Protein chains: 2
Amino acid sequence: MTTMTSPPATASAAPAASSAASSGSSAASLPAAGTQPPEAVEARVRILDNAARLILDKGFAATSMRDIASAVGIKAGSLYHHFASKEEIFTAILERGIDVMVTAFESVENDDRAGAFDGATSAEALLRAHVRAHLGSLFEFGPYTAAHVTTFHNAPDSVHEIIVPRRDSYEAMWAALFDRLQAQGSLRVDHLSIARLVLFGGMNSTIEWFDPAGPLSLDDLADTIVSQFWHAGGHA
Amino acid sequence: MTTMTSPPATASAAPAASSAASSGSSAASLPAAGTQPPEAVEARVRILDNAARLILDKGFAATSMRDIASAVGIKAGSLYHHFASKEEIFTAILERGIDVMVTAFESVENDDRAGAFDGATSAEALLRAHVRAHLGSLFEFGPYTAAHVTTFHNAPDSVHEIIVPRRDSYEAMWAALFDRLQAQGSLRVDHLSIARLVLFGGMNSTIEWFDPAGPLSLDDLADTIVSQFWHAGGHA
DNA sequence: AACCCTACCTAACAAATGTTAGGTAGGAAG
DNA sequence: CTTCCTACCTAACATTTGTTAGGTAGGGTT
């Protein structure tokens with residue numbers, strides 16, 4: 001199928017989120033026991049969901065722990081039962097944003113290798129699938145990816161250090177895709193990385209003006225962007 | 001000094017900056033009297049220059065009045081002799097950012113009307129000139145325009161209300177340009193406004209990855225972006 | 001029963017925030 | 001010399017900030 005469509009924001013790539021940091025134990029216990037305890041992870045997710053939304057439209061620095069807590073329905077001090085610091089919350093959100101994008105990219109690549117795209121005939125279709133996947137990440141995973149795109153630039157250095165490597169590796173995937181397309185001759189541009197970065201900037205800007213509930217669907221948007229990129233519209 | 005290279009920061013659109021707010025009198029006195037008093041306006045500019053740079057890389061909320069003051073070399077309280085509030089400083093910066101872009105756009109339009117662009121033969125050249133002008137605003141006016149692009153999204157509502165109209169009018173200029181190109185047949189795209197917004201997003205993203213001191217000049221970058229937009233690179 | 005653990009709360013902390021009131025040095029104007 | 005204005009300073013203010021320490025209710029286990 002296409003990339004992730006309507007998955008509930010809560011489910012998704014949750015478990016592997018926290019990476020380093022965090023105090024100690026937490027999850028990783030009794031796997032599959034009928035009904036999982038709703039708390040434990042759910043509380044973390046509730047916090048991140050609300051924090052991501054707040055950070056998306058006010059920015060990191062302008063969002064206080066008390067803002068986040070009251071959005072969740074608890075008191076500020078209680079947040080520290082789930083996260084060690086404000087920065088850890090922020091980092092977790094940005095990490096999750098990237099993870100969503102990486103997962104979306106990889107699922108297209110898997111489709112590709114599984115033969116869903118006929119190499120020679122539809123390099124354009126492959127690019128469209130990737131563009132659609134990236135747009136899907138942006139719009140279907142609520143605040144996580146969008147917050148990543150809009151707030152990364154101003155993130156404190158300590159957050160940057162953790163996020164930049166993941167960001168780079170996502171970018172490397174796109175770079176490899178473009179290399180492949182150019183090498184096989186289906187794409188021919190003068191400056192490959194500039195073409196890629198401009199396309200990227202164009203895609204990321206959509207969160208500031210595109211409304212997926214409007215007349216155009218995300219599929220339409222992906223189509224439009226890719227055919228513009230692929231065929232262009234100049235006639236003089 | 002360091003920032004903005006060619007055009008002297010002080011000159012430009014300075015006088016009409018403050019709009020509403022501000023206490024009372026200020027400049028507007030003796031016009032052209034040999035050597036202008038270096039203070040009066042210069043202090044405002046020094047403050048805005050430094051504030052813009054700080055806001056560009058830390059964001060509005062994360063930049064304190066004390067940060068700005070110490071960058072300028074004065075104490076926080078003294079800032080209130082020049083600006084009524086932190087938000088007024090922010091608003092002035094964003095306004096100036098837009099003004100620079102509008103001015104750049106208009107100067108291209110004047111060249112166009114003066115016959116520098118041969119309507120029928122070089123619609124592409126006209127677009128290139130506009131793209132070059134926008135990129136110039138982004139890179140040659142230091143933090144003002146760049147800060148506008150990266151921090152507008154998270155600005156407080158009170159700031160939004162003042163800036164949005166100006167922003168819209170700049171966007172309307174581009175929309176009119178695209179309409180014209182499409183109407184005269186030199187541009188043929190399915191969704192005109194999407195093409196425009198994606199191009200815009202692509203251009204604005206350059207401040208995050210393009211280095212004008214690198215191998216490619218701003219002219220080169222404008223060329224690359226426009227030919228990608230105009231001729232594209234798909235071949236399969 | 002006793003125990004423990006999770007998830008929360010209250011209350012407070014020091015630090016940093018935007019902002020204001022009042023003072024002062026110095027030059028210009030009378 | 002006095003007066004006034006500009007540009008700054010000092011010192012404080014009330015609030016908000018991230019964060020911590022210690023307490024408590026409740027369910028699960030033994």
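As the structure is a computational prediction, the values presented were derived from the model and not from experiment. Proteins come first, then strands; the chains are lettered A, B, ... in the order of their sequence lines, and each starts at number 1.
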Which atoms of nucleotides 23-26 of chain D (N or O only) lie under 3.5 Å from a protein N or O atom, and what are those distances?
none

Under 3.5 Å, which donor-acceptor pairs link side chains of residues 212-219 of chain B to any protein atom two or more places apart or in another chain?
from     : atom 1 : to       : atom 2 : distance (Å)
B/Ser217 : OG     : B/Asp219 : N      : 3.3
B/Ser217 : OG     : B/Asp220 : N      : 3.0
B/Ser217 : OG     : B/Asp220 : OD2    : 3.2
B/Asp219 : OD1    : B/Arg132 : NE     : 2.6

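- Among residues two or more places apart in sequence or in another chain, the ring-ring contact (aromatic ring centres under 6.0 Å, His included) test is passed with A/Phe139 by A/Phe210.
- For B/Ala71, the side-chain contact (heavy atoms from CB on, under 4.5 Å) test picks out B/Asn50, B/Arg53, B/Leu54, with sequence neighbours left out.
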Please report, to 0.1 Å, the donor-acceptor pairs under 3.5 Å made by any side chain of residues 196-208 of chain A, with sequence neighbours excluded.
from     : atom 1 : to       : atom 2 : distance (Å)
A/Arg196 : NH1    : A/Glu171 : OE2    : 3.1
A/Asn204 : OD1    : A/His134 : NE2    : 2.7
A/Ser205 : OG     : A/Gly202 : O      : 2.8
A/Ser205 : OG     : A/Trp209 : NE1    : 3.1
A/Thr206 : OG1    : A/Met203 : O      : 2.6

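- Qualifying ring-ring contact (aromatic ring centres under 6.0 Å, His included) partners for B/His153, counting only residues two or more places apart in sequence or in other chains: none.
- Contacts between residues 153-160 of chain A and DNA chain C, defined by a heavy-atom separation below 4.0 Å, involve no residue at all.
- Residue A/Lys86 has a polar side-chain atom (N or O) positioned under 4.0 Å from OP1 or OP2 of D/dG18.
- Residues satisfying the side chain to side chain donor-acceptor pair (under 3.5 Å) test with B/Glu87, not counting sequence neighbours, are B/Ser158.
- Remark: B/Phe60 pairs with B/Phe90 by the ring-ring contact (aromatic ring centres under 6.0 Å, His included) rule, at least two apart or across chains.
- For the OP1/OP2 pair of D/dC9 and a distance below 4.0 Å, the side-chain nitrogens and oxygens of B/Ser78 include at least one atom meeting the criterion.
- For residues 61-70 of chain A, proximity to DNA chain D is found at A/Thr63, A/Ser64, A/Met65, A/Arg66, defined as any non-hydrogen atom under 4.0 angstrom from a strand atom.
- In this view, A/Asp179 satisfies the salt bridge (Lys or Arg N to Asp or Glu O under 4.0 Å) rule with no residue, not counting sequence neighbours.
- Among residue pairs with one or both ends in residues 60-76 of chain A, those qualifying as salt bridge (charged side-chain N to carboxylate O under 4.0 Å, His left out) are A/Lys58-A/Asp67; sequence neighbours excluded.
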